[in-house]
K.L.:
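Sharing a structure below in structure tokens format, with a few things to ask.
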Amino acid sequence: MPAAAYEKVLLPNIEKNETEWLSAYQKGGGYTALRTALGMTPEAITNLVKDAGLRGRGGAGFPTGLKWSFLPKGVGPRYLAINADESEPGTCKDRPLMEQRPHSMIEGIIITCLAIESQQAFVYIRGEYYNSAKVVQKAVDECYAAGILGNNVLGSGKRVDLVVHRGAGAYICGEETALLTSLEGYRGYPKLKPPFPAISGLYGKPTIINNVETVTNVPYILNKGVDWFKSFVHEKSTGLRLLCVSGHVKKPGVYEVPMTYTLREIIYDICGGIRNDHDLKFIIPGGSSVPWLLPDKLDAVCSMEGLQAAGSFLGSAGMMVMDHTVCPVWALTNLSAFYRHESCGQCTPCREGSAWLHKILLRIETGHGQEGDLQMLRSIAGTGPGTGMICGRSICALGDAAAWPVSSALNLYWNEFEEHVKNKGCGYKNKRFWMNKAGNFVNDAFAHKPTWGHAAH
Amino acid sequence: MAILKNRHDEIEKLCAKYPSRRSALLPVLWMVQEQEGWVSQDAMKEVAEIIGCTAAEVYEVVSFYTMYNQKPVGRHHIQFCHTLACAICGSHEAVGHIREKYGFDEGASISRDGKFSLVEVECIGACTEAPAMLVGETLYGNLTPERLDEVLNARN
Ligand SMILES: Cc1cc2nc3c(=O)[nH]c(=O)nc-3n(C[C@H](O)[C@H](O)[C@H](O)COP(=O)(O)O)c2cc1C
Ligand code: SF4
Ligand code: FES
């Protein structure tokens with residue numbers, strides 16, 4: 001159902017692409033929620049966030065207030081780590097949030113620190129986001145100068161410090177335990193859970209990890225109230241969400257929407273339909289790790305529950321849309337290269353599994369598929385979540401993320417995969433790999449005339 | 001300290017931000033790279049002394065994170081995204097265009113005149129502006145052949 005007119009709060013002026021610095025933010029009512037929060041108990045703030053039904057925007061959708069309440073009572077120091085590693089392909093919302101509304105995130109961070117009784121927060125920003133790190137650092141400096149951060153937050157006597165920390169190019173550091181090991185100055189290796197970070201996290205201390213967008217919602221919940229937040233609702237998905245729509249739509253972009261629209265409304269109304277009025281082939285609705293959806297699922301509601309009912313996940317809300325020119329075997333080969341590259345290598349099922357998935361897919365895609373390859377892919381990736389040789393057998397969820405797209409693509413496009421094996425290659429025009437005389441796979445980028453650029457508007 | 005000489009105060013301030021000195025390892029490596037363009041073995045030894053760990057431990061970290069350059073790069077370092085959203089919007093063709101037009105020998109990562117270096121990287125978080133690339137620290141999206149040439153020709 002289309003939503004009635006609503007006010008956008010997270011990125012109201014995204015087209016302008018300007019940074020809202022401290023004075024402008026305060027003129028628009030910024031840091032009033034922090035003043036309110038300073039007059040509340042930690043439990044009261046946490047309960048408000050629980051009542052609003054805020055769920056994590058980083059991917060897993062875990063209830064935020066509930067997560068905060070897992071911290072053991074009376075144990076300190078406690079840390080807050082903000083996940084700004086945003087590396088899930090298709091996802092690009094935390095970057096505009098940090099670059100355009102850094103103070104809105106910082107206000108959310110300070111309030112979260114009050115709620116979880118932490119005096120030290122870190123923002124872990126992926127290395128590629130040079131500009132985000134600069135903008136956030138400058139906004140943090142403004143806050144220290146204005147007495148909003150530091151030993152005496154707005155004269156309350158409370159202390160909150162905030163450190164901006166940059167990653168250096170590793171998708172895995174978005175996984176919460178890897179983020180913490182990276183922040184401690186080591187290789188970003190995930191850890192087995194339990195213990196969960198709420199019990200033993202950064203430097204072995206109780207730690208909460210939240211996504212940028214998650215904490216940025218908190219000031220608005222305080223200012224506008226729980227009822228306002230819950231006025232945007234589909235089942236248990238409340239509030240507004242930054243949806244990143246990329247690929248073959250006419251108007252790709254980051255859209256702030258309630259989770260009540262159907263995929264059809266998002267693709268055809270909000271994003272103007274498919275470029276060149278092509279046919280829609282498939283949708284990857286929640287970041288590259290989630291199962292794919294065919295056009296028969298266009299009426300699914302784009303909420304956490306709606307997409308789960310359709311057989312996928314809203315995940316990080318990074319939606320990639322493919323038109324009929326995209327070969328599913330080629331697309332899957334591209335994604336499996338990503339997971340192979342980003343596997344941290346710590347555990348065998350993921351390290352070897354992601355590599356084998358990619359190797360087999362690459363040979364199928366390039367016309368060197370062998371009999372039994374599809375069965376082998378199936379046995380490694382499984383038929384769905386929880387099956388196969390990787391899912392549920394690795395330290396972190398990257399292993400599952402490498403397998404899910406494979407099992408889903410095989411379920412949806414078995415015939416096309418079979419044809420690739422049988423016909424020794426791809427019937428699509430956009431073939432992009434071939435095998436050279438030395439037997440190495442190379443990219444045939446040279447062979448293509450630059451006819452690209454159709455996504456520009 | 002030879003490489004980060006005169007930066008002692010800056011480094012100590014950085015280390016003081018963290019409960020553990022080791023946490024300053026990534027930021028100090030960034031300091032090196034921003035100054036030198038890459039992280040040499042000599043730099044790793046120096047950083048090890050600063051942080052108080054072994055050079056091997058520094059190497060372990062440097063070799064894990066893809067953004068630390070272990071070799072010198074061109075004057076302008078291009079990181080071109082080749083993940084799915086960009087790939088379906090022409091990133092492979094764009095990379096081919098750069099290699100051809102800006103003088104890269106087959107397989108080389110630096111142009112013949114040393115002006116540009118090029119790596120294909122995984123998603124850089126600009127998927128709605130595909131195809132996208134970083135040149136140095138600046139992000140460019142919605143690249144067309146014209147816009148790409150405009151951006152690269154403006155560099156020298
Ligand atoms: C492989 C992997 C990569 C992840 N990448 C990110 C990421 O880039 N950003 C993010 O916020 N969460 C990411 N997550 C989810 C985090 O582990 C964590 O659940 C999240 O940051 C918690 O914040 P939230 O509850 O506010 O969503 C990733 C998880 C996995 C398994
Ligand atoms: S599942 Fe993959 S990414 Fe996660 S710890 Fe194991 S090897 Fe590393
Ligand atoms: S896929 Fe290229 S920026 Fe995300």
Side-chain angles (χ1 to χ4, degrees), chain A residues 77 86-92 94-95 120 126-131 163 165-171 182-188 203 244-248 252-254 284 288 318 320 322 326 331 334-335 338 341-342 344 432 443-457, chain B residues 17-27 29-30 33 51 53 57 60-61 63-68 79 82-97 99-100 106 120-131 134 136-139 141-148:
Chain A
E86 189 162 70
S87 317
E88 172 84 0
T91 319
C92 49
D94 296 338
R95 182 170 51 83
Q120 177 71 63
R126 66 177 297 187
E128 291 83 351
Y129 284 3
Y130 293 97
N131 193 45
V163 171
H165 188 91
R166 294 182 57 214
Y171 165 72
S182 175
L183 193 46
E184 288 171 357
Y186 297 87
R187 287 184 158 210
Y203 312 116
C244 323
V245 192
S246 62
H248 290 149
V254 178
I284 308 180
S288 61
M320 292 189 268
M322 318 290 148
V326 177
N334 179 292
L335 288 184
F338 174 84
H341 184 259
E342 299 301 334
C344 83
R432 282 176 175 127
N443 206 314
D444 73 343
F446 280 110
H448 281 261
K449 290 218 172 68
T451 52
W452 39 282
H454 44 68
H457 296 277
Chain B
K17 283 184 175 180
Y18 298 95
S20 141
R21 196 172 175 91
R22 175 76 193 234
S23 281
L25 178 51
L26 269 71
L29 287 168
W30 272 120
Q33 180 149 313
I51 297 296
C53 61
E57 283 177 279
E60 193 180 86
V61 165
S63 57
F64 183 79
Y65 295 94
T66 53
M67 288 186 80
Y68 293 126
Q79 301 182 66
H82 70 185
T83 309
L84 192 54
C86 287
I88 63 169
C89 292
S91 69
H92 292 91
E93 290 82 349
V95 165
H97 175 79
R99 299 190 63 89
E100 210 165 11
E106 202 177 337
E120 288 187 48
V121 294
E122 304 299 344
C123 178
I124 54 175
C127 325
T128 58
E129 299 158 52
L134 283 158
E137 300 188 355
T138 313
L139 176 70
N142 291 327
L143 292 165
T144 58
E146 297 76 33
R147 174 142 168 76
L148 179 58

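None of these values were measured; they are calculated from a predicted model. Order of the sequence lines fixes the chain letters, A, B, ..., with proteins taken first and strands second; residue numbering starts at 1 for each chain.
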K.L.:
Just say parallel, tilted or perpendicular for the rings of B:H92 and B:H82, cut-offs at 30° and 60°.
P.N.:
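Taking B:H82 first and then B:H92, their aromatic rings lie parallel (interplane angle under 30°).
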K.L.:
Flag the pair B:R22 / A:E184 as yes when at least one side-chain heavy-atom distance between them is below 4.5 Å, and no otherwise.
P.N.:
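They are not in contact (no side-chain heavy atoms under 4.5 Å apart), so the answer is no.
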K.L.:
May I ask you to name which of A:A170, A:P77, A:P89 has the most heavy-atom pairs under 4.5 Å with chain B?
P.N.:
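Of the options given, most contacts go to A:P89.
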K.L.:
For A:R95, is it the side chain, the backbone, both, or neither that has a heavy atom closer than 4.5 Å to a heavy atom of chain B?
P.N.:
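When you check distances to chain B, only side chain atoms of A:R95 fall under 4.5 Å.
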K.L.:
With a 4.5 angstrom heavy-atom cut-off, is it the side chain or the backbone of A:V163 that approaches chain B, or both, or neither?
P.N.:
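For A:V163, the contact with chain B is made by the side chain alone.
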K.L.:
Please look at A:Y171 and chain B and tell me whether the side chain, the backbone, both or neither of the residue comes under 4.5 angstrom of a heavy atom of that chain.
P.N.:
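Neither part.
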K.L.:
Which answer fits B:L134, side chain, backbone, both or neither, if we ask what part of it has an atom under 4.5 Å from a heavy atom of chain A?
P.N.:
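Only the side chain of B:L134 comes within 4.5 Å of chain A.
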K.L.:
Pick whichever of B:C86, B:A24, B:A85, B:G141 has the most heavy-atom pairs under 4.5 Å with chain A.
P.N.:
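Looking at each option in turn, the highest pair count goes to B:A85.
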K.L.:
Tell me which of these, B:I124, B:T138, B:L139, B:L29, has more heavy-atom pairs under 4.5 Å with chain A than the rest.
P.N.:
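Option with the top pair count is B:I124.
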K.L.:
Which answer fits A:F338, side chain, backbone, both or neither, if we ask what part of it has an atom under 4.5 Å from a heavy atom of chain B?
P.N.:
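It is both, since atoms from each part get that close.
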K.L.:
Count the heavy-atom pairs under 4.5 Å between each of A:S87, A:A331, A:C344, A:G188 and chain B, then report the option with the highest count.
P.N.:
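Highest number of pairs under 4.5 Å: A:G188.
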K.L.:
Can you tell me which portion of B:Q79 sits under 4.5 Å from chain A's heavy atoms? Options are side chain, backbone, both or neither.
P.N.:
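For B:Q79, the side chain is the part near chain A, not the backbone.
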K.L.:
Could you have a look at A:R166, A:Q120, A:R126 and say which one has the most heavy-atom pairs with chain B under 4.5 angstrom?
P.N.:
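Option with the top pair count is A:R166.
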K.L.:
Pick one of side chain, backbone, both or neither for A:S182, based on which atoms fall under 4.5 Å of a heavy atom in chain B.
P.N.:
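Contact with chain B: backbone and side chain both.
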K.L.:
For the residue pair A:S288 and A:M320, establish whether any side-chain heavy-atom pair is separated by less than 4.5 Å.
P.N.:
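Side chain of A:S288 against side chain of A:M320, heavy atoms only: contact under 4.5 Å found.
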K.L.:
Is B:L84 in contact with chain A via its backbone, its side chain, both, or neither, using a 4.5 Å heavy-atom distance?
P.N.:
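For B:L84, heavy atoms of backbone and side chain both lie under 4.5 Å from chain A.
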K.L.:
Find the one option among A:H341, A:E86, A:H165 whose heavy-atom pairs under 4.5 Å with chain B are most numerous.
P.N.:
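Going by pairs under 4.5 Å, I would pick A:H165.
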